[in-house]
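Below: the structure, in structure tokens.
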Amino acid sequence: MNNRELNKTPIEIFCHDCTCADEEMKLAIKQQYCKYIKSTCCKPRKSEPNIKVGICTLGATVAKGGIVKPVIICPQRFKEEGVFETIRKKYLSEWKNVKWIPEVSIGVGGNVDYVAVEVDAKDRIMDFLCVEIQAAGTTGTPYPAVKEFISDYRFKSNSYKYGINWANEFSKTMMQQAYKKGKIVESWKRKIVFVLQDVAMEYLSHAADCSKVTTSNPLSPIDFCTFRLKWNQTQWNLIFDTIKSTTIDGINTILGGASVNEYPTETEFIENIFKKGIADGILKSNY
């Protein structure tokens, strides 16, 4: 549990929780500094590239749930040392010398976010593991909330007009990556690990057919390694949640959307057509 009630507002700005507006946070905002990459935030406003958005995490509900949870919208937010340490423990425990190489080409599959490699004393690669990071994205913009916060370090509303684009980021983008890169990795008889939040898997379990996603299986080519954000009274930390595994067939099933028993009937669809037609002024009510 988060042990605190959240609103539909930004939760973390420039790597700092919005309830702890101390001098360190104010300096980070002024410098537009991201501690996870140890540099300037790399998420600019499209209309003003010199201004960085700075939002790490937003409050949002999941799969029409009523509880607001912290949702990471910047992949850099996953770059806590604890995340890399978890991957080392879960996957690389027998490796002696581990190094991380970012943005490695996997040919027709594009780039892999990170490749963990085991090297010998001469940096010759002995083994490797592909790792992808997937954050959520937004519909609408939460930036007006940031502007309000920066002005006097508080929010003027408990609910801002933005949404989380769950479908695009997880059902579409991540699954397409899992399919393309997963096929390549599977041909090598290896594994690719997708790092994401627990709330993302919660969304997928409601929106897609995850019947072929299993508990952790070393023989499966695709893993979803999830982390949850935990509040420790001063800051949020990513804590290991679980590992789920699947195959290319499992990814195809997820890409197909919801399971058959959740499909609307033809009659229900016709009712939806009629209601939308009336709402748009195209059809007339028969009542």
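What you are looking at is a predicted structure, and each value in this text was computed from that prediction instead of being measured.
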So does [X] have more than 12 non-hydrogen atoms from other groups sitting under 6.0 Å from [atom1]?
{"X": "Tyr179", "atom1": "OH", "value": "no"}
{"X": "Lys35", "atom1": "NZ", "value": "yes"}
{"X": "Ile67", "atom1": "CD1", "value": "no"}
{"X": "Leu283", "atom1": "CG", "value": "yes"}

Between [Y] and [X], is there a side-chain donor-acceptor contact under 3.5 Å, judged purely by atom types and distance?
{"X": "Ser211", "Y": "Asp209", "value": "yes"}
{"X": "Asp223", "Y": "Ser245", "value": "yes"}
{"X": "Asn232", "Y": "Thr234", "value": "yes"}
{"X": "Asp17", "Y": "Thr19", "value": "yes"}

Using a strict 4.0 Å threshold on nitrogen-to-oxygen distance, state whether [X] and [Y] make a salt bridge.
{"X": "Lys26", "Y": "Asp22", "result": "no"}
{"X": "Asp127", "Y": "Lys96", "result": "no"}
{"X": "Asp152", "Y": "Arg154", "result": "yes"}
{"X": "Glu81", "Y": "Arg88", "result": "yes"}

Distance in Å, [X] [atom1] paired with [Y] [atom2], rounded so as to fall on 0.5 Å steps:
{"X": "Ile222", "Y": "Ile254", "atom1": "CD1", "atom2": "CD1", "value": "8.5 Å"}
{"X": "Leu204", "Y": "Ser171", "atom1": "CG", "atom2": "OG", "value": "5.0 Å"}
{"X": "Thr40", "Y": "Gln31", "atom1": "OG1", "atom2": "CD", "value": "8.5 Å"}
{"X": "Cys15", "Y": "Ile55", "atom1": "SG", "atom2": "CD1", "value": "12.5 Å"}
{"X": "Lys275", "Y": "Asp280", "atom1": "NZ", "atom2": "CG", "value": "14.0 Å"}
{"X": "Gln235", "Y": "Glu80", "atom1": "CD", "atom2": "CD", "value": "7.5 Å"}

Within one Ile-Leu-Val-Met-Phe-Trp-Tyr cluster: [X] and [Y], side-chain cutoff 4.5 Å:
{"X": "Ile51", "Y": "Tyr33", "answer": "no"}
{"X": "Val83", "Y": "Ile239", "answer": "no"}
{"X": "Val108", "Y": "Val115", "answer": "yes"}
{"X": "Leu27", "Y": "Ile37", "answer": "no"}
{"X": "Ile101", "Y": "Val112", "answer": "yes"}

Nearest heavy atoms of [X] and [Y], plus distance in Å:
{"X": "Val193", "Y": "Cys225", "value": "CG1-CB, 3.7 Å"}
{"X": "Cys41", "Y": "Phe14", "value": "CB-CE2, 3.7 Å"}
{"X": "Asn7", "Y": "Val68", "value": "O-CG1, 3.5 Å"}
{"X": "Arg4", "Y": "Trp236", "value": "NH1-NE1, 3.6 Å"}
{"X": "Glu132", "Y": "Ile192", "value": "CG-CD1, 3.9 Å"}
{"X": "Lys43", "Y": "Cys74", "value": "CD-SG, 3.8 Å"}

Donor-acceptor pair, distance only, cut-off 3.5 Å: does the side chain of [X] make one with the backbone of [Y]?
{"X": "Gln197", "Y": "Phe227", "value": "no"}
{"X": "Arg190", "Y": "Phe128", "value": "yes"}
{"X": "His16", "Y": "Glu12", "value": "no"}
{"X": "Asp120", "Y": "Lys122", "value": "yes"}
{"X": "Lys8", "Y": "Tyr162", "value": "yes"}
{"X": "Asp113", "Y": "Ile133", "value": "yes"}
{"X": "Ser220", "Y": "Ser216", "value": "no"}
{"X": "Lys52", "Y": "Pro49", "value": "yes"}

(request) I would like to know whether Ile125 and Glu118 meet side chain to side chain contact (heavy atoms under 4.5 Å, CB included); could you show each step before the answer? (result) CA-CA 6 Å; Ile125 294 172; Glu118 181 184 23; over 6 Å; no
(message) Parallel, tilted or perpendicular: which one describes the rings of Trp166 and Tyr203, with boundaries at 30° and 60°?
(response) parallel
Taking the side chain as every heavy atom from C-beta outward, state whether [X] and [Y] have any atom pair closer than 4.5 Å.
{"X": "Thr246", "Y": "Ile251", "value": "yes"}
{"X": "Val195", "Y": "Thr86", "value": "no"}
{"X": "Leu238", "Y": "Ile72", "value": "yes"}
{"X": "Met174", "Y": "Phe194", "value": "yes"}
{"X": "Thr173", "Y": "Asn168", "value": "yes"}
{"X": "Pro10", "Y": "Phe149", "value": "no"}
{"X": "Met201", "Y": "Phe170", "value": "no"}
{"X": "Tyr153", "Y": "Ile29", "value": "yes"}

(request) Test salt bridge (charged side-chain N to carboxylate O under 4.0 Å, His left out) on Lys99 and Asp123 and set out the steps. (result) CA-CA 9 Å; Lys99 294 187 178 182; Asp123 269 353; 3.0 Å; yes
(request) Determine the sole option in Lys79, Arg77, Gln76 for which the side-chain hydrogen bond (donor to acceptor under 3.5 Å, both in side chains) test with Tyr36 is passed. (result) Arg77
(message) Working note: Ile13 + Val146, criterion side chain to side chain contact (heavy atoms under 4.5 Å, CB included); need CA distance, chi angles, decisive distance, verdict.
(response) CA-CA 8 Å; Ile13 297 175; Val146 176; 4.2 Å; yes
(request) Test Ile11 against Leu6 for side chain to side chain contact (heavy atoms under 4.5 Å, CB included), laying out the working first. (result) CA-CA 8 Å; Ile11 304 300; Leu6 301 176; 4.0 Å; yes
(request) Decide if the gap between the ring center of Phe84 and the ring center of Tyr114 is smaller than 6.0 angstrom. (result) yes
(request) Tell me, with the steps shown, if Thr138 and Asn165 meet side chain to side chain contact (heavy atoms under 4.5 Å, CB included). (result) CA-CA 5 Å; Thr138 59; Asn165 199 345; over 6 Å; no
